[in-house]
Amino acid sequence: MSTSTIVVSPGTTGGRADIADWRPEDEQFWESTGRHVAWRNLWLSVPALLCAFAVWGMWGIITVQMNNLGFPFTQAELFTLTAIAGLAGATMRIPAAFLIRLAGGRNTIFLTTAMLLAPAIGTGIALQHKEWPLWVFQLMALWSGVGGGNFASSMSNISTFFPKRLQGTALGLNAGIGNFGVTTMQIVIPLVMTVGLLGSIGGEPMTLLKDSGWILGKITAGTPTWIQNAGFAWVLSLVPLSILCWFGMNNLNTVSPDTGGAIRAFMKITWLYTLSFAPAIAGLYLYLPAPTGLGLLNMWVAMPLIIVVTLFTMKLAAFGTMKENIAKQFEIFRDKHTWSMTALYIVTFGSFIGFSMALPLSIAVIFGISHVPDAAGVLQHTLKNPNAPSAFTYAWIGPFVGALIRPVGGWISDKVGGSIVTQVISAVMVVASAAVGYVMLLAYSSPQPEQYFLPFMLLFVLLFAASGIGNGSTFRTIGVIFDRAKAGPVLGWTSAIAAYGAFIAPVVIGAQIKAGTPQYAMYGFAVFYALCLVLNWWFYLRPGAYVKNP
């Protein structure tokens, strides 16, 4: 045993490195030692995950300000930046589920949190250069996906510290507060862009060409703006958080028996993340149009291809204990409930993260422009709307409501059953999504689109609330349907696939805005929700259902 390893046994205090004896189900051990260690790890995990969500989702806000500052990219290209971050984060969740067992909790959370410094600093540097090519910003968006992947490893880590009776509380706190990273980012970034946060070393400001805003209202064109702070600001929290994670968190030898020391653990983490980056980059190259890529694949082909190649690559490149873990992971694909719950989790978390990514820029391009016909009667979407609402003032509200209400869904589901709750929220989302589409139709054909903004926002808040409640209900359903051995891998798989909503929503909404028919995107989502409503009824609510109202 190395000198840095601390053995924790009943009656001793928790160490700051490896713990060889861990028995959370033993009441005496839990009260004397385990409780303090577990809660310390949780309270360090929560802000780390919050920052991970913030860095993953920051391109949803950055692209709005790039548009306001006149970066030389089309609206469709700006939407792809948000989509790339979403796709990378979802893909990285697939291998992230294996990191804790292979590398240890402390090693994994420290390194993956520290990894976020690269996209934070790189984005801050890139945003000071309007003249830089699109691929530079796409690369930064891709690397921001590390933040999306961190969810799977963070949840896996915290689950190992707590006894079964406290799993729901611990995981709920970790995931629920972590999801607030989206709202935190949408409030913090517009705020820090108004000041020279780092003085002379933070670079010079740019001048707004279009009106912008922050949580308290509009910021007029002509105002100096430090867009680079959207990346640099996270350095101020990531550096101390990384240090705290290193010195305050633990590896459990009972969970991670063969980490091989910190350096070897870091190499494993880097290797696994590389395995997910490679398929993501290759798929994006085939999907993205020239000059960045070849533009050969449709999104609906590229995304499944990336998922399949990622799984195949992991299986092919598996080593040591990873082989056994992957074999267990693949067993879930033989269970029909894995596939039904994957679809239902896309309805809930996929919608939450997808709309979080797409909403800010959607507000900017739908309501920031007066849609007036030219001499031939063809609608033009280029004239600035002087009465436009600021995306930065309102976009945070929906994700805030969705994250805040998430525990309510779990609580109600415990009372009445998860599938009934899922059925109700699916029906609500069918109606709300179709209604949003209709409001989009009205707004995108009006010279005064701001008159439709209130119903637009209220309907989106309803969508976020329903998706948040559904997050709790689907988590509960998975826990009832699957035994403990399968529930973890199923949660990891469904959360990874649902996270592709962060790719789908910006691409679909962006493409339909470009085509002049944004309402079709929301109508399409409404059709998907309706199909999943039928699926949920067939599997879990009809007479003779496979599992009755789990």
Please set out all donor-acceptor pairs under 3.5 angstrom arising from side-chain atoms of residues 426-438, sequence neighbours excluded.
| residue | atom | partner | partner atom | Å |
| --- | --- | --- | --- | --- |
| Ser426 | OG | Thr422 | O | 2.7 |
| Ser433 | OG | Met522 | O | 2.7 |

Quiz: residues 202-213 side-chain donor-acceptor pairs under 3.5 angstrom, not counting sequence neighbours:
| residue | atom | partner | partner atom | Å |
| --- | --- | --- | --- | --- |
| Asp211 | OD1 | Ala221 | N | 2.8 |
| Ser212 | OG | Gln65 | OE1 | 2.9 |
| Ser212 | OG | Gln65 | NE2 | 3.4 |

Could you list the donor-acceptor pairs under 3.5 angstrom formed between side-chain atoms of residues 84-94 and any protein atom two or more places apart in sequence or on another chain?
| residue | atom | partner | partner atom | Å |
| --- | --- | --- | --- | --- |
| Thr91 | OG1 | Leu87 | O | 2.9 |
| Thr91 | OG1 | Tyr500 | OH | 2.7 |
| Arg93 | NE | Gly148 | O | 2.9 |
| Arg93 | NH1 | Ser495 | O | 3.1 |

Would you mind writing out the side-chain donor-acceptor pairs for residues 42-55 within the sub-3.5 Å range, not counting sequence neighbours?
| residue | atom | partner | partner atom | Å |
| --- | --- | --- | --- | --- |
| Ser45 | OG | Ser154 | OG | 3.0 |
| Ser45 | OG | Asn174 | OD1 | 2.9 |

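Take Phe355 and apply the ring pair (Phe, Tyr, Trp, His ring centres under 6.0 Å) test, not counting sequence neighbours, and it matches Phe460, Phe525. Shown here are the side-chain contact (heavy atoms from CB on, under 4.5 Å) partners of Pro133, two or more places apart in sequence or in another chain: Trp135, Val136. Shown here are the ring pair (Phe, Tyr, Trp, His ring centres under 6.0 Å) partners of Tyr520, two or more places apart in sequence or in another chain: there are none. Annotation: side chain to side chain donor-acceptor pair (under 3.5 Å) contacts of Gln451 (sequence neighbours excluded): Ser446. Partners of Tyr529 by ring pair (Phe, Tyr, Trp, His ring centres under 6.0 Å), not counting sequence neighbours: none found.
In this pair, Phe352 and Phe464 present their aromatic rings perpendicular. The plane angle is above 60°, beyond the 30 to 60° band.
For the pair Ile363 and Phe456, the tightest heavy-atom approach, listed with the atom from each and the gap, is CG1-CE2, 3.9 Å. Heavy-atom minimum distance, Cys532 versus Leu344: O-CD2, 3.6 Å. Nearest approach of Ser242 to Phe110, heavy atoms of both residues: O-CD1, 3.1 Å. Here the shortest heavy-atom pairing between Ala364 and Ala391 reads N-CB, 4.4 Å. When all heavy atoms are compared, the tightest approach of Val182 to Pro399 is CG1-CB, 3.7 Å. A pairwise comparison of heavy atoms in Ile369 and Thr382 identifies CG2-N, 3.7 Å as the closest pair.
A side-chain hydrogen bond (donor to acceptor under 3.5 Å, both in side chains) check over residues 182-199, counting only residues at least two apart or in different chains, returns nothing. Sorted by first and then second residue, the ring pair (Phe, Tyr, Trp, His ring centres under 6.0 Å) pairs with a member in residues 381-406 read Phe180-Phe400, His371-His381, His381-Tyr444, Tyr394-Phe453, Trp396-Phe400; sequence neighbours excluded. Listed by first and then second residue, the ring pair (Phe, Tyr, Trp, His ring centres under 6.0 Å) pairs that reach into residues 188-227 come to none, sequence neighbours excluded.
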query = How far apart are the C-alpha atoms of Ile307 and Ile497, what are their side-chain angles, what is the distance that settles it, and do they pass the side chain to side chain contact (heavy atoms under 4.5 Å, CB included) test?
reply = CA-CA 8 Å; Ile307 295 170; Ile497 301 306; 3.6 Å; yes
message = As a quick check of understanding, evaluate side-chain hydrogen bond (donor to acceptor under 3.5 Å, both in side chains) for Asn387 and Gln448, giving each step before the final call.
response = CA-CA 8 Å; Asn387 301 312; Gln448 297 175 311; over 6 Å; no
query = Given Phe137 and Phe73, is the ring pair (Phe, Tyr, Trp, His ring centres under 6.0 Å) satisfied, shown in steps?
reply = CA-CA 11 Å; Phe137 301 96; Phe73 308 123; 5.6 Å; yes
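Trp56 has its ring centre no less than 6.0 Å from the ring centre of Phe151.
Distance CD1/Ile243 to CG/Leu238: 11.0 Å, rounded to 0.5 Å. Taking CG of Asn157 as the reference point, atom OG of Ser153 lies at 7.5 Å (rounded to 0.5 Å). Here the CG-CD distance, from Asn229 to Gln128, works out to 8.5 Å after rounding to the nearest 0.5 Å. To the nearest 0.5 Å, atom CZ of residue Phe528 and atom CD1 of residue Ile504 are 8.0 Å apart. For the atom pair Glu450 CD and Asn385 CG, the distance stands at 4.5 Å (nearest 0.5 Å). In this structure, OG1 on Thr82 lies 11.5 Å from CG on Leu359, to the nearest 0.5 angstrom.
The only option from Tyr287, Trp300, Phe79, Trp59 that meets the ring pair (Phe, Tyr, Trp, His ring centres under 6.0 Å) definition with Phe503 turns out to be Tyr287.
Checking side-chain atoms of Thr494 against main-chain N and O of Thr342 turns up no donor-acceptor pair under 3.5 Å.
Counting heavy-atom neighbours within 6.0 Å of Lys514 NZ, excluding the residue itself, gives a total of 12 or less.
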